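Below: the structure, in structure tokens.
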Amino acid sequence: MLSRQFVRENPDAIREALERRGIDDVGFEDLLAVDEEWRELKSRGDDLRHERNQVSNRIGELKREGNEADAEAAIERSQQLKETLQEIEARADELEADLEQRLLELPNVPREEIPTGQNERDNEEVRRHGFETARELPADVTPHYDLGEDLDVLDFERGAKVAGGGFYFLKGDGARLEHALVRFMRDLHREQGYTEVFPPIPVNTTAMTGTGQLPKFADDAFRVGARNDQPYDDDDLWLCPTAEVPVTNMYADDILLRDDLPIKHQAYTPNFRREAGEHGTETRGIARVHQFNKVELVNFVEPDDSDDRLESLVAEAEAVLRRLDLPYRVVLLCDGDLTFASAKTYDIEVWAPADDMAHGPDRGGRWLEVSSASNFEAFQARRIGLRYRPERHESAEYLHTLNASGLALPRVLIALLEYYQNEDGTVTIPETLRPYMDGQERIEGHDPVGESAVGAGKRE
RNA sequence: GCCAGGAUGGCCGAAUGGUAAGGCGCACGCCUGGAAAGCGUGUUCCCUUUGGGAUUCUGGGUUCGAAUCCCAGUCCUGGCGCCA
């Protein structure tokens, strides 16, 4: 959320920001009109209240003096004021609620320095890593969804059986690899100075609103105990769509000390997303699913430090891919591709060599976004009530929040299965992960279970 | 889930229907050779800032007037119950 003062004083900056993001449906001019009318009514209400306070005070004095007659007259005047006040304030409250709602739906202002563009094609590649020293790949790389089923480490049909499309089982070495990755990432981030938290998985409406998932993006979230199109209030629960939500909100309404900052938290959680409207894109495999694991990095910093912190945060997330020796690139998002709450975002995209994509890497395969590192500046902090006191005698001010995935598991798994696969259909486990898998060096697969495997000729 | 008690500024804490004491912390000033102590001022948010308004967990209600009375909710503490 932007501050009312900023909105009032810099309407042109906001018009430009909306233009850059390609947003024209938020009714910003109406917002300004509502604000103006609200302030007008607020001022009149304040004057009436001032008079009422004086009269009330007088009533107290008169009563103490025993002057009942004058007290009665004052009470009558007070009653009149009360009626007028109720009308004006009821209208002012409506306007303020409207104003608040409109402010909640206004996106953050993109940073000056980020590129201008329409969509992801206009993002700017910042750097690539790991391609010069890439390993020798099989002539035909098998996509992870086929290889995963061949090795019987991924099972989509049985996932759909128990939870529906978009859910899957990891089995045997697949499940072990998942846990190994989580433990490796957590260890790495602990070396980087992160304090680990394990948050609640259901989060309430207030928290979802604080980080910006609500009110605009309710369709993407899993509602607990009700359908998404039913009305909700502050206490209703949603399944964690990213650990950003519980972790960023954990200090809501707190005042932190300067000495507390920066705070660096990491959190492993499962994440749940409806991915509404995404059917038909990347439906095969585990690139886009309704439940996935992720290690999230969340930073709380002083405003002056957030620029530098964003650069370091990207490096901390990249370190995961470097240690796994997976080739990747970093892109700076253009204003048109920026998410709602962010002022500046870098994406980290790992190279998955099996399927070719349009506008993909020149050597084939596709880019998979495994992390999005964003500086939200005070946008989330203002919604959440997240402040710190710069000096002990100074008033509290909003701090800056940042976060990055470190990393999203399924897409890393895709890259591992495709990049580390061998001619014979086995998968080499990168050295970094072997300590987490009892020294195991390869995934050789398991025999499939059940009669269907016999019919398919995979078992006798 | 039931019963009882509770929630007041950065922190502690008083006020039980008449308009939020006091203390601590912190900052500045006075005082001092310097410091401590002492004294004074300041230390939430909003508005159109020589001023005004709001704010006693949240939302309703009663009243001319609510921290105070009533209703609903959230959280905390204690007791009972249930539970992996």
Side-chain angles (χ1 to χ4, degrees), chain A residues 1-9 11 31-103 198-210 224-225 231-238 246 249-261 378 381-399:
Chain A
M1 187 162 57
L2 303 169
S3 81
R4 290 182 195 184
Q5 197 181 356
F6 178 82
V7 169
R8 246 167 243 153
E9 290 171 1
L31 184 154
L32 289 176
V34 170
D35 179 55
E36 174 126 20
E37 194 185 346
W38 168 71
R39 280 186 294 160
E40 155 84 26
L41 282 174
K42 159 102 168 112
S43 163
R44 277 165 60 197
D46 282 357
D47 289 346
L48 286 168
R49 270 191 182 267
H50 176 50
E51 189 181 350
R52 195 195 69 169
N53 286 344
Q54 285 183 324
V55 172
S56 282
N57 241 323
R58 184 73 188 133
I59 294 170
E61 285 171 26
L62 291 168
K63 289 264 187 187
R64 272 191 297 272
E65 291 164 8
N67 188 342
E68 287 299 325
D70 286 357
E72 276 308 313
I75 286 172
E76 202 165 311
R77 173 65 187 145
S78 183
Q79 265 162 337
Q80 289 170 358
L81 286 168
K82 184 184 174 184
E83 280 173 34
T84 322
L85 197 55
Q86 269 170 353
E87 282 172 37
I88 288 178
E89 290 196 336
R91 177 72 185 133
D93 286 350
E94 269 174 40
L95 287 169
E96 193 174 20
D98 187 16
L99 178 63
E100 193 66 14
Q101 192 65 25
R102 288 171 184 276
L103 281 169
F198 188 83
I201 303 306
V203 289
N204 61 30
T205 301
T206 304
M208 289 280 282
T209 305
V224 176
Y232 55 85
D233 65 31
D234 288 350
D235 295 323
D236 279 311
L237 294 174
W238 309 74
N249 279 282
M250 68 188 281
Y251 299 112
D253 298 322
D254 269 337
I255 295 179
L256 305 177
L257 301 174
R258 180 180 214 164
D259 289 347
D260 294 330
L261 303 178
R382 216 173 275 117
R383 295 163 82 102
I384 292 174
L386 198 50
R387 296 179 298 166
Y388 82 110
R389 205 176 289 285
E391 298 292 341
R392 293 193 75 106
H393 63 285
E394 288 180 9
S395 55
E397 55 180 80
Y398 294 110
L399 45 73

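These numbers come from a predicted model, not from an experiment. Letters A, B, ... mirror the listed sequences (proteins, then strands); counts begin at 1. Heavy atoms only: backbone and side chains are in, while hydrogens, waters and symmetry mates are out.
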To the nearest 0.5 Å, atom NZ of Lys42(A) lies from atom CG of Asp47(A) at 10.5 Å
Which whole-number value in Å describes the distance from [X] [atom1] to [N] [atom2]?
{"X": "Leu62(A)", "N": "rG65(B)", "atom1": "CG", "atom2": "P", "result": "16 Å"}
{"X": "Asp259(A)", "N": "rC26(B)", "atom1": "CG", "atom2": "P", "result": "14 Å"}
{"X": "Lys42(A)", "N": "rC45(B)", "atom1": "NZ", "atom2": "C1'", "result": "10 Å"}
{"X": "Ile88(A)", "N": "rG53(B)", "atom1": "CD1", "atom2": "P", "result": "15 Å"}
{"X": "Glu96(A)", "N": "rG53(B)", "atom1": "CD", "atom2": "C1'", "result": "12 Å"}

Quick one: label Arg8(A) by what it contacts on the DNA or RNA (base, sugar-phosphate, nothing), any heavy atom closer than 4.0 Å. sugar-phosphate
Evaluate side chain to side chain donor-acceptor pair (under 3.5 Å) for Arg8(A) paired with Gln5(A), printing each intermediate quantity in order. CA-CA 5 Å; Arg8(A) 246 167 243 153; Gln5(A) 197 181 356; over 6 Å; no
Are Arg91(A) and Trp38(A) in a cation-pi setup, meaning NZ or CZ lies under 6.0 angstrom from the ring centre and within 45 degrees of the ring axis? no
According to the Watson-Crick and G-U wobble definitions, with both distances under 3.5 Å, which nucleotide is paired to rG38(B)? rC30(B)
Does the side chain of Asp233(A) come within less than 4.5 Å of Thr205(A)'s, by heavy atoms? no
Is any side-chain heavy atom of Tyr251(A) closer than 4.5 Å to a side-chain heavy atom of Leu256(A)? yes
Partner of Arg102(A) under side-chain contact (heavy atoms from CB on, under 4.5 Å), chosen from Val7(A), Val34(A), Leu32(A): Val34(A)
When rounded to the nearest Å, what value does the distance between P atoms of rA72(B) and rC3(B) take? 11 Å
Would Glu96(A) and Arg4(A) count as a salt bridge (Lys or Arg N to Asp or Glu O under 4.0 Å) if you check the C-alpha gap in whole Å, the side-chain angles of each, and the deciding distance to 0.1 Å? CA-CA 11 Å; Glu96(A) 193 174 20; Arg4(A) 290 182 195 184; 3.1 Å; yes
Extract from the structure each pairing of a protein N or O with an N or O of nucleotides 18-20 of chain B at less than 3.5 Å, listing the distance.
from: rG18(B); atom 1: O2'; to: Arg64(A); atom 2: NH1; distance (Å): 2.5
from: rU19(B); atom 1: O4; to: Ser56(A); atom 2: O; distance (Å): 3.4

Upstream residue (5' side of RNA chain B) when Glu76(A) and Ala396(A) are each assigned their closest nucleotide: Ala396(A)
On RNA chain B, compare the nucleotides closest to Ser43(A) and Gln54(A); which residue's is nearer the 5' end? Ser43(A)
Distances under 3.5 Å between protein N/O atoms and the N/O atoms of nucleotides 6-17 of chain B, please, pair by pair.
from: rG10(B); atom 1: O4'; to: Arg389(A); atom 2: NH2; distance (Å): 3.2

Lys82(A) has its side chain closest, among rG73(B), rU48(B), rG65(B), to rG65(B)
Per Glu40(A) side chain, nearest of listed nucleotides rG65(B), rU48(B), rG52(B): rU48(B)
Please check: side-chain N/O of Asn249(A) versus main-chain N/O of Ala207(A), any donor-acceptor pairing under 3.5 Å? yes
